[in-house]
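Reading through the structure tokens given below for one structure.
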Amino acid sequence: MITGSIIKSEDIIGVIQRTLNEVDTRLVEHGVRVAYLVSGMLKVDGGFTDKEMQDICILSVLHDIGAYKTEEIDRLVQFETGDVWEHSIYGYLFLRYLSPLDEWAEAVLYHHVPYERIPHTRQEIKKVAQMISLADRMEIFSRNARQEGTNAKMWEAAVEYLDKRRPGQFSDEVTASFLQAQNEFSIYDKLKEESIDFYEVYPGVTLTEDECMKYLRMMTYAIDFRSQHTVTHTITTTSISSSCARYMGISADRIERIRYGAMLHDLGKIGIPVEILEYPGKLSAQAMNIMRTHVDITERILNKAAAEDVTRIALRHHEKIDGSGYPRGLKGEDMTLDEEIVAVSDIVSALIGTRSYKSAFSKDRTLSIIQEMSDEGKLNPEVVGTMKKNFNAIIDEVAENCATALQNYYGIQSEYRRLLVKYLS
């Protein structure tokens, strides 16, 4: 299986954690700690298979993936908040349509809903939603205790809260599971620690090749879906890179590695403020310096999880063969053909795509720009020549490959608005 030689399944969750960490460390810290409590309740419950437990634990880590803005995360880490639907709906839709967790995604939709008010759905969904809900409140409760220096009395206070909880907030079954898990595994005491790794939540994660690909694709969507102007950029770059490599006669194995490198190339943009990504004009020198850090962020996220050649492809997409690129100012002799293909493809993708500050460039203008850059010694002339010769066919393949992503994007936006009206009315 090609994925195993590119990125190991046990490293995928680490990549996800580090990616979300770049949005706000609280998203990951909170999610992993919630997952730890949920894992204890799942063990006590005993009604789920190993695969279901693994997926539910990953779901618990990602239960707040619908929150991207600092003010949203500020609200999430408050103990009591009435503003819960926006991130719950978006997270549910994101996980349902763009992840391998579609079977359990509905639990995220209801993870802030009191037990007695959860609409009719599968009993397993209600139970998982309740586990995440109780664990979510308990994690915030423990967070406040750590900040206030009252760790010693943390469990007593938690029990008192559960005794006085609002009627119908948590099911008796899930509450009993939580109390039993604490009694058997001391799960709540674990929250006194500063950090918990996912592999303490669920050791020995096993993912199929298809699941690995879906999780990686999910994280690229997490970046691109922040804006309608970037929604297809990664897919476009990946498609152009693969097609160009094929027209250059590169082997199928190398094309697959190019495809992964292109897919991972902009992971770091999740750590760049949207106002910079979407600035309607030329960026200031300061803003451009921040934008350029996305390559360094990508390197931190990958953290040697991917194969070395694939990582280099991802990290070198802004290098130029004359040394004028960034972040390392590499020259042609320092770069492989595979890296140069993705570097050209990224530029073409940006040119033919819309941005807040520009419309899509025409074929003639796009090819003129990359030819000029080739003449200036910035881009590999062989890659540019292949791109020009096969441009129409390459762009036709882009349109085909992007159709599903666009359909998902607009479908999610439409359903998000519908569900928001439904649950806020």
**Message:** Can you classify the ring geometry of H111 versus H63 as parallel (below 30°), tilted (30 to 60°) or perpendicular (above 60°)?
**Reply:** perpendicular
**Prompt:** Would you say the side chains of Y110 and Y423 form a donor-acceptor pair under 3.5 Å?
**Reply:** yes
**Nearest-0.5 Å distance, CG of residue L315 to CD of residue E339** = 9.0 Å
**Asked** Between L62, D64, I56, I58, which is the residue that forms a side-chain contact (heavy atoms from CB on, under 4.5 Å) with S60?
**Response** I56
**Message:** Please check this pair: side chain of S242 against backbone of S239, looking for a donor-acceptor N/O pair closer than 3.5 Å.
**Reply:** no
**Prompt:** Should the heavy atoms of other residues, nucleotides or ligands under 6.0 Å from NZ of K153 be counted, would the total exceed 12?
**Reply:** no
**Item:** Heavy atoms of other groups near D163 CG, more than 12 under 6.0 Å
**Value:** yes
**Message:** Is it true that, when you exclude R365 itself, more than 12 heavy atoms of the residues, nucleotides or ligands shown sit nearer than 6.0 Å to its CZ?
**Reply:** no
**Asked** So does K51 pair up with E103, basic N to acidic O under 4.0 Å?
**Response** no
**Message:** Atom CD of residue position E308 - does it have more than 12 heavy atoms of other residues, nucleotides or ligands inside 6.0 Å?
**Reply:** no
**Complete:** Output for pair (L267 CG, T234 OG1), nearest 0.5 Å, gives 8.0 Å
**Request:** Step through the shown structure and confirm whether more than 12 heavy atoms of other residues, nucleotides or ligands are within 6.0 Å of CD on E156.
**Result:** yes
**Request:** Kindly indicate whether the side chain of Y221, heavy atoms from C-beta on, has any atom under 4.5 Å from the side chain of I235.
**Result:** yes
**Prompt:** Roughly how far, to the nearest 0.5 Å, is CD of E86 from OH of Y90?
**Reply:** 12.0 Å
**Item:** Partner set under salt bridge (charged side-chain N to carboxylate O under 4.0 Å, His left out) for K378, not counting sequence neighbours
**Value:** D322
**Request:** Give the ring-plane orientation class for W155 versus F178, where under 30° counts as parallel, over 60° as perpendicular and anything between as tilted.
**Result:** tilted
**Prompt:** Looking only at atom types and distance, does a side-chain atom of S133 sit under 3.5 Å from a main-chain N or O of A129, one as donor and one as acceptor?
**Reply:** no
**Asked** With a 4.5 Å limit on heavy-atom distance, are the side chains of E415 and Y97 in contact?
**Response** yes
**Reported CG-to-CZ distance for the pair L191 and R143, which is rounded to 0.5 angstrom** = 10.0 Å
**Item:** Enclosure of R165 CZ (heavy-atom neighbours >12, cutoff 6.0 Å)
**Value:** yes
